[in-house]
Amino acid sequence: MANTAQTDQGAGAARGSVARAGKIVIIRHAEKPAKDGGPPFGVDANGQSNDDSLSPLGWQRAGALMVLFAPARGSLQDSALAVPRHFFACGEEKGRKRLRPVQTVTLLAERVGTTVDRRFQKGEEAELADYAMGLEGVVLICWEHKNLHLIANRIVGDRATVPQEWPDDRFDVVWVFELSEGAYRFRQVPQLLLPGDRPHVI
């Protein structure tokens, strides 16, 4: 695990169509209910109990992400970040609603005047990465942590540049991929939005 606030690594050539997205940022969905059925519980956008939704802390992070990516006043807190133009989150799969990723970024998408694209499901990470790289502007992807590395690997073109496991207890890191001379360079940025967020990266 890295012990610096940020890392900047070289990347391989983008796959699929010619890369146009100047920057792709990836985040894990925000905090979720406890696995053992106890607190914290999941609640939907109306405050009703829902195990498929974010926990109250997760909703706090979803709101705080607006400050991170689209502050109402002042500049972004890190030069590696940018206001997203396109948003993607896990779609439904075999009856599973997968609400947490879309809940995490809906408020932010509304802030910048757009919606969240959910056409891609878990298992279609390579297709999502290829599609995202072909877009123009800044792309934000919110996904489940166990498959985040699959999106990242496709973007950089190898399995060595990015961490291949996202820790179960980390919800507070942004993976940034910036296009430079036809390839994506990888960098990590700690969110530092809520109490308990850690200054080191994955």
Q: Tell me, with the steps shown, if Leu68 and Val174 meet side chain to side chain contact (heavy atoms under 4.5 Å, CB included).
A: CA-CA 10 Å; Leu68 188 68; Val174 181; 4.0 Å; yes
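- Atom CG of Leu140 and atom CG of Leu108 lie 6.5 Å apart (nearest 0.5 Å).
- Applying the salt bridge (Lys or Arg N to Asp or Glu O under 4.0 Å) rule to Lys32 yields no partners; only residues at least two apart in sequence or on another chain are considered.
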Q: Could you please spell out the steps behind the salt bridge (charged side-chain N to carboxylate O under 4.0 Å, His left out) verdict for Arg154 and Glu125?
A: CA-CA 8 Å; Arg154 187 74 172 187; Glu125 286 79 14; over 6 Å; no
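- Residue Leu99 is not grouped with residue Leu107 when hydrophobic side chains (ILVMFWY) are merged at heavy-atom distances under 4.5 angstrom, including chains of intermediate members.
- Once rounded to the nearest 0.5 Å, the distance linking OH of Tyr131 with CD1 of Ile141 reads 12.0 Å.
- For Asp197, the salt bridge (Lys or Arg N to Asp or Glu O under 4.0 Å) partners two or more places apart in sequence, or in a different chain, are Arg61.
- Between the Arg28 side chain and the Pro167 main chain, a donor and an acceptor come within less than 3.5 Å of each other.
- When the side chain to side chain contact (heavy atoms under 4.5 Å, CB included) test is applied to Pro163, the partners found at least two apart in sequence or on another chain are Trp175, Phe186, Gln188, Ile202.
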(Q) What verdict does the side chain to side chain contact (heavy atoms under 4.5 Å, CB included) test give for Arg198 and Asp169, after you've listed the backbone C-alpha separation in whole Å, the side-chain angles of each residue and the deciding distance to 0.1 Å? (A) CA-CA 11 Å; Arg198 300 173 223 177; Asp169 63 345; 2.9 Å; yes
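- A 4.5 Å side-chain heavy-atom check between Leu81 and Val176 finds at least one atom pair inside the cut-off.
- Of all heavy-atom pairs spanning Gly123 and Asn147, the tightest one is N-ND2, 4.2 Å.
- Under the salt bridge (Lys or Arg N to Asp or Glu O under 4.0 Å) criterion, Glu178 pairs with Lys23, not counting sequence neighbours.
- Listed by first and then second residue, the ring-ring contact (aromatic ring centres under 6.0 Å, His included) pairs that reach into residues 63-82 come to none, sequence neighbours excluded.
- With hydrophobic clusters built from ILVMFWY side chains whose heavy atoms lie under 4.5 angstrom apart, Leu192 does not share a cluster with Trp166.
- Taking CG of Leu194 as the start and CD of Glu31 as the end, the distance is 6.5 Å to the nearest 0.5 Å.
- Between the side chain of Asp158 and the backbone N or O of Thr161, at least one donor-acceptor pair lies under 3.5 Å.
- Between Ala89 and Trp143, the shortest heavy-atom distance links the atoms C-CZ3, 3.6 Å.
- Residue pairs meeting the side chain to side chain donor-acceptor pair (under 3.5 Å) criterion with at least one partner in residues 102-115, sequence neighbours excluded, are Ser53-Gln103.
- For Gln164, the side chain to side chain contact (heavy atoms under 4.5 Å, CB included) test picks out His149, Asn153, Arg159, Val162, with sequence neighbours left out.
- For Glu136, the side chain to side chain contact (heavy atoms under 4.5 Å, CB included) partners are Arg20, Arg85, not counting sequence neighbours.
- Nearest heavy-atom pair, Ala70 versus Val112, reported as atom, atom and distance to 0.1 Å: CB-CG1, 3.8 Å.
- Applying the side chain to side chain contact (heavy atoms under 4.5 Å, CB included) rule to Glu181 yields no partners; only residues at least two apart in sequence or on another chain are considered.
- From Ile155, atom CD1 reaches atom CZ of Arg185 across 15.0 Å, with rounding to the nearest 0.5 Å.
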Q: Begin from the C-alpha positions of Val105 and Phe88 and carry the test side chain to side chain contact (heavy atoms under 4.5 Å, CB included) through to its verdict.
A: CA-CA 9 Å; Val105 294; Phe88 293 89; over 6 Å; no
Just list the side-chain donor-acceptor pairs under 3.5 Å for residues 34-43, sequence neighbours left out, or say none.
from	atom 1	to	atom 2	distance (Å)
Asp36	OD1	Gly38	N	2.9

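- Heavy atoms only, all atoms of each residue included: Glu144 and Pro101 are closest at CG-CG, 4.5 Å.
- Side-chain contact, Gln191 with Asp172: no donor N or O sits under 3.5 Å from an acceptor N or O.
- A pairwise comparison of heavy atoms in Asp44 and Trp59 identifies C-CZ2, 3.7 Å as the closest pair.
- When all heavy atoms of Leu135 and Val139 are compared, the pair lying nearest together is CD1-CG2, 4.1 Å.
- The salt bridge (Lys or Arg N to Asp or Glu O under 4.0 Å) test applied to Arg119 returns Asp117, not counting sequence neighbours.
- Note that the CG atom of Leu193 and the CZ atom of Phe171 stand 14.0 Å from one another [nearest 0.5 Å].
- Here Phe87 pairs with nothing under the ring-ring contact (aromatic ring centres under 6.0 Å, His included) rule; sequence neighbours left out.
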